[in-house]
Amino acid sequence: QVQFVESGGGLVQPGGSLRLSCAASGFPFSVYTSHWYRQAPGKERELVASNSGTTTYADAVKGRFTISRDNAKNTVWLQMNGLKPEDTAVYFCNFVGMITRRSYWGQGIQVTVSS
């Protein structure tokens, strides 16, 4: 059974930092690429960061966000620094099988950036 334990979201002031965590189980984590998406109210879900051997970032977060993973812990993180109000969204971890292309989604974590 595929399960996720997500943590690290919440309310933060502009300029602050948060670290999102997504611990996965129930699938072979090491052969899945990992990604973070976000969805703001009234907007489409967008890709924020990917770790598929190399790391890539959306232009809006480049230089502020860092994606990392530990295969031994079956966990992916998103370190978010210099947060802006426009970063407010529900953040989702996503995993895609390198061979199967099967996709799994976390349940989402709310991040609110406001003074």
Side-chain angles (χ1 to χ4, degrees):
Q1 182 179 0
V2 175
Q3 293 183 321
F4 300 96
V5 177
E6 297 174 290
S7 62
L11 174 64
V12 64
Q13 292 187 342
S17 297
L18 287 173
R19 190 189 194 205
L20 305 183
S21 174
C22 177
S25 61
F27 63 92
F29 186 90
S30 64
V31 296
Y32 277 66
T33 58
S34 53
H35 315 271
W36 285 97
Y37 285 75
R38 68 185 181 187
Q39 187 165 19
K43 294 188 177 181
E44 293 187 355
R45 191 171 298 187
E46 62 175 352
L47 179 63
V48 173
S50 293
N51 186 325
S52 53
T54 58
T55 55
T56 57
Y57 300 92
D59 287 343
V61 307
K62 202 170 293 183
R64 300 188 297 120
F65 290 12
T66 302
I67 186 172
S68 61
R69 61 185 282 164
D70 185 334
N71 288 343
K73 296 182 179 180
N74 284 11
T75 301
V76 62
W77 295 273
L78 185 67
Q79 177 67 45
M80 305 185 293
N81 300 328
L83 283 161
K84 305 174 181 180
E86 52 264 42
D87 295 319
T88 295
V90 178
Y91 285 71
F92 299 88
C93 56
N94 169 249
F95 302 91
V96 180
M98 295 178 188
I99 303 297
T100 65
R101 309 306 296 169
R102 182 172 294 176
S103 179
Y104 295 116
W105 290 89
Q107 65 268 27
I109 314 171
Q110 178 68 48
V111 171
T112 303
V113 185
S114 175
S115 55

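In what follows, residues are counted from 1 in the order of the sequence shown.
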> How would you list all residue pairs meeting disulfide (SG to SG under 2.5 Å) that involve residues 9-78, not counting sequence neighbours?
Replying inline: C22-C93
> Any sub-3.5 Å donor-acceptor pair from N94's side-chain atoms to Y104's backbone N or O?
Replying inline: yes
>> According to side-chain hydrogen bond (donor to acceptor under 3.5 Å, both in side chains), who are the partners of K43, at least two apart in sequence or on a separate chain?
In response: none
>> Can you tell me how far apart CG (L11) and CD (Q13) are? Round to the nearest 0.5 Å.
In response: 8.0 Å
> Can you name the side-chain hydrogen bond (donor to acceptor under 3.5 Å, both in side chains) partners of T55, sequence neighbours left out?
Replying inline: none
> How many angstroms lie between CG in N74 and OG in S34, if you round to the nearest 0.5 Å?
Replying inline: 11.0 Å
> Residues in ring-ring contact (aromatic ring centres under 6.0 Å, His included) with Y57, at least two apart?
Replying inline: none
> Could you give all pairs that pass the disulfide (SG to SG under 2.5 Å) test and reach residues 45-76, with sequence neighbours left out?
Replying inline: none
>> Checking I109 now: which residues fulfil side-chain contact (heavy atoms from CB on, under 4.5 Å) with it, not counting sequence neighbours?
In response: E6, L20, W36
>> Would you compute the distance between atom OG of S52 and atom CD1 of I67 and round it to the nearest 0.5 angstrom?
In response: 8.5 Å
> For atom CD of E86, is the number of surrounding heavy atoms from other residues, nucleotides or ligands below 6.0 Å larger than 12?
Replying inline: yes
> Any idea which heavy atoms bring P14 and S115 closest together, and the distance?
Replying inline: CD-N, 3.7 Å
>> Please tell me whether V76 and V96 are part of a single hydrophobic cluster in this structure, the criterion being side-chain heavy atoms less than 4.5 Å apart.
In response: no
>> Rounded to the nearest 0.5 Å, what separates atom CZ in F27 from atom CZ in R102?
In response: 11.0 Å
> For R64, what residues pass the salt bridge (charged side-chain N to carboxylate O under 4.0 Å, His left out) criterion, not counting sequence neighbours?
Replying inline: D87
> Can you list every side chain to side chain donor-acceptor pair (under 3.5 Å) pair that touches residues 19-32, not counting sequence neighbours?
Replying inline: none
> Who pairs with T33 by side-chain hydrogen bond (donor to acceptor under 3.5 Å, both in side chains), at least two apart in sequence or on another chain?
Replying inline: H35
> Hydrophobic cluster mates of L47, side-chain heavy atoms under 4.5 angstrom, ILVMFWY only, any path?
Replying inline: Y37, V90, F92, W105
>> According to a hydrophobic-cluster definition based on side-chain heavy atoms being under 4.5 Å apart (Ile, Leu, Val, Met, Phe, Trp, Tyr only), do V5 and F95 belong together?
In response: no
>> Which residues pass the side-chain hydrogen bond (donor to acceptor under 3.5 Å, both in side chains) test with N81, not counting sequence neighbours?
In response: S17, Q79
>> Which residues pass the side-chain contact (heavy atoms from CB on, under 4.5 Å) test with A89, not counting sequence neighbours?
In response: R38, A40, Y91
> Is W77 reachable from L83 through a run of hydrophobic residues whose side-chain heavy atoms are each under 4.5 Å from the next?
Replying inline: no
